[in-house]
There are 2 protein chains.
Amino acid sequence: MPKRVDHGERRAAIAEALIKVAARRGLHAVGMREVAAEAGVSLRLVQYYFETKEKLLLAGLHRLAERFGERFSAHVPAAEEDRAPRAVIEALLRAALPTDEDSRTFHHLYTSYAVLAVTDPELARQPFIKSPDAAEDTLGALLRQARDADQLRPGTDPRSEAVGLLAMSAGLGTSVLVGQRTAEAAAEVLRYRLDRIFRPGAPGTSA
Amino acid sequence: MPKRVDHGERRAAIAEALIKVAARRGLHAVGMREVAAEAGVSLRLVQYYFETKEKLLLAGLHRLAERFGERFSAHVPAAEEDRAPRAVIEALLRAALPTDEDSRTFHHLYTSYAVLAVTDPELARQPFIKSPDAAEDTLGALLRQARDADQLRPGTDPRSEAVGLLAMSAGLGTSVLVGQRTAEAAAEVLRYRLDRIFRPGAPGTSA
DNA sequence: ACGATGTTGGTACAGCTGTATCATCAACGG
DNA sequence: CCGTTGATGATACAGCTGTACCAACATCGT
């Protein structure tokens with residue numbers, strides 16, 4: 001079997017296995033042996049591609065961040081077309097909610113990493129800021145665009161709204177995760193919030 | 001030494017030690033030996049008062065929830081007096097932000113527990129819902145009160161705003177925790193949000 | 001005064017963790 | 001065609017974890 005192997009591919013597969021295991025049993029409970037089993041390789045292999053556990057966890061975080069970027073920006077291109085800004089933004093924020101199993105694990109693990117970052121200096125230097133910042137920029141731009149099209153209520157500050165909306169979305173996401181409310185209820189709160197930001201009667205506005 | 005000892009008091013002290021250790025090194029890294037050392041007792045003692053680690057963690061969560069209730073409702077009684085609803089609510093939400101070290105550890109650990117609850121069924125049944133629900137009720141009541149005093153912009157739904165504000169506060173809290181923004185910046189976003197809820201010129205409104 | 005009881009200390013144990021070591025095997029370069 | 005090298009497997013190891021066990025000791029009821 002031992003031919004030359006694509007390291008990057010291998011590492012990605014193992015990192016993916018890490019994410020799967022962490023989603024199932026919690027990031028704190030993940031062990032290298034279990035990751036190896038999930039990836040269908042030997043423990044030694046995991047050691048081979050990521051020398052240490054810390055590096056493995058780091059790789060998992062990066063993979064997660066990639067997903068975040070993809071998932072978020074995957075909904076933006078559609079905005080360039082003729083859809084109403086209101087609809088685009090709502091779709092964006094809805095996608096950030098833990099509805100399907102995929103976004104559930106994303107929320108779960110991202111929060112896990114964030115918690116670890118509070119005490120682990122190495123993790124604290126990781127891209128915990130970049131991705132959210134980028135999201136804020138994107139959403140802010142969309143809102144500014146809507147304001148320029150005179151679709152927002154007067155006195156609205158796009159930047160502050162963007163930050164607030166994303167923070168709210170994150171908070172709602174956590175509450176859904178712990179079972180305090182359903183994803184639908186959270187989406188409803190989001191919808192209400194947007195109704196209060198957009199001018200009544202703006203395209204895409206509900207009711 | 002062995003006289004009759006107040007179990008409740010002892011348990012509280014040890015739980016407090018758990019919280020201190022967890023705040024310093026992360027909830028995932030906490031061990032019974034370290035808790036014992038922090039509390040200044042022997043490992044055996046920790047075992048004696050909490051037979052198992054799981055029960056110790058549970059006790060820590062309950063202690064944390066108590067703090068939450070105290071901290072939150074400690075600001076409410078003052079509301080019964082003559083202070084403007086706007087000021088009371090802002091103070092409330094500000095208090096929920098990780099400003100001082102105390103609220104930092106609260107945010108940190110509460111989030112840690114929430115993350116654990118996703119995979120641990122025993123934790124999932126704990127009061128993760130009750131306290132936040134109570135907070136939503138309280139804040140909702142305050143907003144309703146403000147609306148009845150005609151201090152809110154027309155069309156505002158107190159309940160939805162309460163849920164949204166608390167979710168936003170939680171999300172902002174996390175962002176402060178991971179160092180994405182300062183507590184002051186978060187408070188500023190909160191202030192802006194309240195300005196958009198309260199009628200311009202309502203008592204306590206900024207600018 | 002004395003035994004029962006609540007409280008405490010010391011310590012051992014089994015299991016799991018991440019990591020290191022040694023050996024093997026396939027493939028390619030010369 | 002052979003040795004160097006990349007890739008993999010098996011296994012050993014030291015450390016830490018939560019938990020269990022055993023002994024001691026002060027206090028209280030009688």
Side-chain angles (χ1 to χ4, degrees), chain A residues 1-61 112-113 115-116 119-123, chain B residues 1-61 112-113 115-116 119-123:
Chain A
M1 285 192 209
K3 45 179 128 186
R4 225 49 140 268
V5 154
D6 183 343
H7 270 224
E9 199 175 304
R10 222 74 143 120
R11 289 171 53 94
I14 295 181
E16 209 66 41
L18 161 69
I19 292 179
K20 249 192 251 174
V21 173
R24 190 189 324 135
R25 312 219 317 139
L27 188 60
H28 68 286
V30 75
M32 311 206 78
R33 284 165 176 81
E34 205 175 350
V35 172
E38 177 76 33
V41 301
S42 78
L43 167 62
R44 181 67 181 81
L45 264 277
V46 179
Q47 278 191 260
Y48 184 65
Y49 291 107
F50 311 86
E51 351 239 301
T52 171
K53 185 187 184 181
E54 189 178 356
K55 292 183 183 171
L56 173 61
L57 289 180
L58 263 285
L61 174 57
S112 299
Y113 276 110
V115 162
L116 287 190
T119 47
D120 184 334
E122 182 63 35
L123 272 176
Chain B
M1 285 192 207
K3 44 179 127 185
R4 226 46 141 266
V5 153
D6 184 343
H7 269 226
E9 199 175 303
R10 223 79 145 111
R11 288 170 54 93
I14 295 181
E16 209 67 41
L18 161 69
I19 292 179
K20 247 191 253 176
V21 174
R24 190 187 326 135
R25 312 220 316 139
L27 188 60
H28 67 285
V30 74
M32 312 207 77
R33 284 166 178 81
E34 205 174 351
V35 171
E38 176 77 32
V41 300
S42 77
L43 167 61
R44 181 66 181 83
L45 264 276
V46 180
Q47 278 190 257
Y48 183 66
Y49 291 106
F50 310 86
E51 350 238 301
T52 171
K53 184 187 184 181
E54 188 178 357
K55 292 182 183 171
L56 173 61
L57 288 180
L58 262 286
L61 174 57
S112 299
Y113 275 111
V115 162
L116 287 189
T119 47
D120 184 334
E122 183 62 34
L123 272 176

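Naming convention: chains lettered A, B, ... in sequence-line order (proteins, then strands); numbering from 1 in each chain. Note that this is a predicted model, so its numbers are computed, not measured.
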### Query
side-chain contact (heavy atoms from CB on, under 4.5 Å) between L58(A) and E54(A): does it pass, once the steps are laid out?
CA-CA 6 Å; L58(A) 263 285; E54(A) 189 178 356; 4.2 Å; yes
### Query
Can you list every pair that meets salt bridge (Lys or Arg N to Asp or Glu O under 4.0 Å) and has a residue in residues 25-37 of chain B, with sequence neighbours left out?
R25(B)-E34(B)
Using side-chain contact (heavy atoms from CB on, under 4.5 Å) as the criterion, list what pairs up with [X], not counting sequence neighbours.
X	result
R44(A)	S42(A), Q47(A), Y48(A)
A22(B)	L27(B), L109(B)
K20(B)	E38(B)

Mind listing the N/O atom pairs, protein and nucleotides 19-21 of chain D, below 3.5 Å?
{"from": "dT19(D)", "atom 1": "OP1", "to": "T52(B)", "atom 2": "OG1", "distance (Å)": "2.7"}
{"from": "dT19(D)", "atom 1": "OP2", "to": "K53(B)", "atom 2": "N", "distance (Å)": "2.9"}
{"from": "dA20(D)", "atom 1": "N7", "to": "Q47(B)", "atom 2": "NE2", "distance (Å)": "3.0"}
{"from": "dA20(D)", "atom 1": "N6", "to": "Q47(B)", "atom 2": "OE1", "distance (Å)": "2.9"}
{"from": "dC21(D)", "atom 1": "N4", "to": "R44(B)", "atom 2": "NE", "distance (Å)": "3.0"}

### Query
Does S42(A) make a side-chain N or O approach to OP1 or OP2 of dG9(D) shorter than 4.0 Å?
yes
### Query
OP1 or OP2 of dA7(D) sitting under 4.0 Å from any side-chain N/O of Y49(A)?
no
### Query
Contacts to DNA chain D from residues 9-30 of chain B, heavy-atom cutoff under 4.0 Å, which residues?
V30(B)
Nearest whole Å is fine: how far is [N] [atom2] from [X] [atom1]?
X	N	atom1	atom2	result
L45(B)	dG10(C)	CG	C1'	12 Å
L56(A)	dT17(C)	CG	C1'	14 Å
Y48(A)	dG6(D)	OH	P	7 Å

### Query
What residues form a side chain to side chain donor-acceptor pair (under 3.5 Å) with E16(B), not counting sequence neighbours?
R63(B), R67(B)
### Task
Output all residues satisfying side chain to side chain donor-acceptor pair (under 3.5 Å) with E51(B), sequence neighbours left out; order by chain, then residue number.
none
## Note on the structure
F50(B) meets the ring pair (Phe, Tyr, Trp, His ring centres under 6.0 Å) criterion, sequence neighbours left out, with none
